[in-house]
Amino acid sequence: MKRHLVFIAIVVVFVLSAGQARAFSGFTQNTFMTAESLDFGMTQTGIHFTIADDYKSYYPAFRYGLGGLFDVGLKFGVTTIDSPQSKVAALVGGDVKYQLVKQSEGIPIDMAVDLGFDNTIVSGRNVSELNFSTIFSRGFPLTDRGYKITPYGGLEVAAEYGSFLASNQTNYFIFGGLEWKISQKFMVLMELKTGDTTLGGAGIRFEY
C-alpha cells in the first residue's frame, strides 16, 4: 500500500511539474485577420486582447495596404503571465500577408498566406515565434454601404525559440473567427485558436 501511495505521489509530482514547465513553453497570439487584402494606402488600427490558460496579452495593432494584394501588420503591447509567478512581458511583432485567391462571382472564398514574427521579452530573456498561416474567409455584405460579416479560419505552424525556453519547438494550430464590420470605418473581431494550447480573444479596429 505504501509503495502504491509513493508511486502515485511521484506521478502526481511529475504531472504537476510537467504542467508548470509547459505553462512557459511558449507564447502565441490570436491571428485576427481575414484573407482579404487591404487596398493600397488603406490603414487599419485597433486594439486586441488574447487570453490563454496562463497568460493574457493586450496589444495595439496596425495594418497597411501595400497594393498588389500585399499588406503588412505591426503590433506591440504587454503580456501578463499568471503562473507559477506573475510577470509582465513586452510584446512586439509584425507580419506580411499575400492574398492568393480573391472572392468573386465564380470563386466563393478569399485565400491568403501570412508570415509573421513575434517576440516576447520576459525578465531580460525572450521567446520568439516565427509563424506561417494559411487563411480562408468569405465576406457576407449586410448592406450596400460596406457593412458585412466575414467568417475566417485557417491553419498555422509556429516555430518557437529563445532563452526563456528549455528547448526549441514547433507547434501547430487551427483557428476560426469572425470580423463584423459594424460601420464603414469600424469593425469588431472575435477568434478562437487551438493546438498546443487553446486561446481566445477579441478586438476592435478602425479603417481609414
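If you read the sequence from its start, that first residue is 1, and numbering goes on from there.
Donor-acceptor pairing under 3.5 Å is lacking for the side chains of Thr34 and Glu179. Looking only at atom types and distance, the side chain of Ser128 has a donor-acceptor partner in the side chain of Asn126 under 3.5 Å away.
The hydrophobic clustering, which links ILVMFWY residues whose side-chain heavy atoms are closer than 4.5 Å, places Phe117 and Val127 apart. Following chains of ILVMFWY side-chain contacts shorter than 4.5 Å, one cannot reach Phe27 starting from Phe76, and the two form parts of different hydrophobic clusters. A single hydrophobic cluster is seen to contain both Met190 and Trp180, as judged by linkage of ILVMFWY side chains at heavy-atom distances under 4.5 Å, directly or through other members.
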### Task
Run the numbers on Asp118 and Asp95 for side-chain contact (heavy atoms from CB on, under 4.5 Å), then give the verdict.
CA-CA 9 Å; Asp118 291 342; Asp95 72 277; over 6 Å; no

### Message
Test side-chain contact (heavy atoms from CB on, under 4.5 Å) on Thr79 and Gln29; report intermediate values, then the result.
### Response
CA-CA 10 Å; Thr79 295; Gln29 309 300 327; 4.1 Å; yes

### Task
Take Asp54 and Ile81 through the test side-chain contact (heavy atoms from CB on, under 4.5 Å) and record every step on the way to the result.
CA-CA 6 Å; Asp54 299 296; Ile81 305 166; 5.5 Å; no

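Heavy-atom minimum distance, Ser183 versus Lys181: O-CG, 3.1 Å.
Note on ring orientation: taking the six-membered ring where Trp is involved, the planes of His48 and Phe32 are tilted (angle from 30° to 60°).
Between the side chain of Asp71 and the backbone N or O of Leu38 there is at least one donor-acceptor pair closer than 3.5 Å. Formation of a donor-acceptor pair under 3.5 Å by the Thr50 side chain with backbone atoms of Gly201 is not found in this model.
Residues meeting the ring pair (Phe, Tyr, Trp, His ring centres under 6.0 Å) test with Phe175, sequence neighbours left out: none. Looking at residues two or more places apart in sequence or on another chain, you find no ring pair (Phe, Tyr, Trp, His ring centres under 6.0 Å) involving Tyr152.
Counting heavy-atom neighbours within 6.0 Å of Phe40 CZ, excluding the residue itself, gives a total of 12 or less.
Rounding to the nearest 0.5 Å places CG of Leu199 at 7.0 Å from CZ of Phe173. To the nearest 0.5 Å, the span separating OG on Ser104 from CG on Asp110 amounts to 9.0 Å. For the atom pair OG1 of Thr120 and NZ of Lys87, the computed distance is 14.0 Å after rounding to the nearest 0.5 Å.
Applying the side chain to side chain donor-acceptor pair (under 3.5 Å) rule to pairs touching residues 35-44 yields Glu36-Lys148, Ser37-Gln99, Gln44-Arg205, Gln44-Glu207, sequence neighbours excluded.
Using a 4.5 Å heavy-atom threshold, the side chains of Lys185 and Phe206 count as separate.
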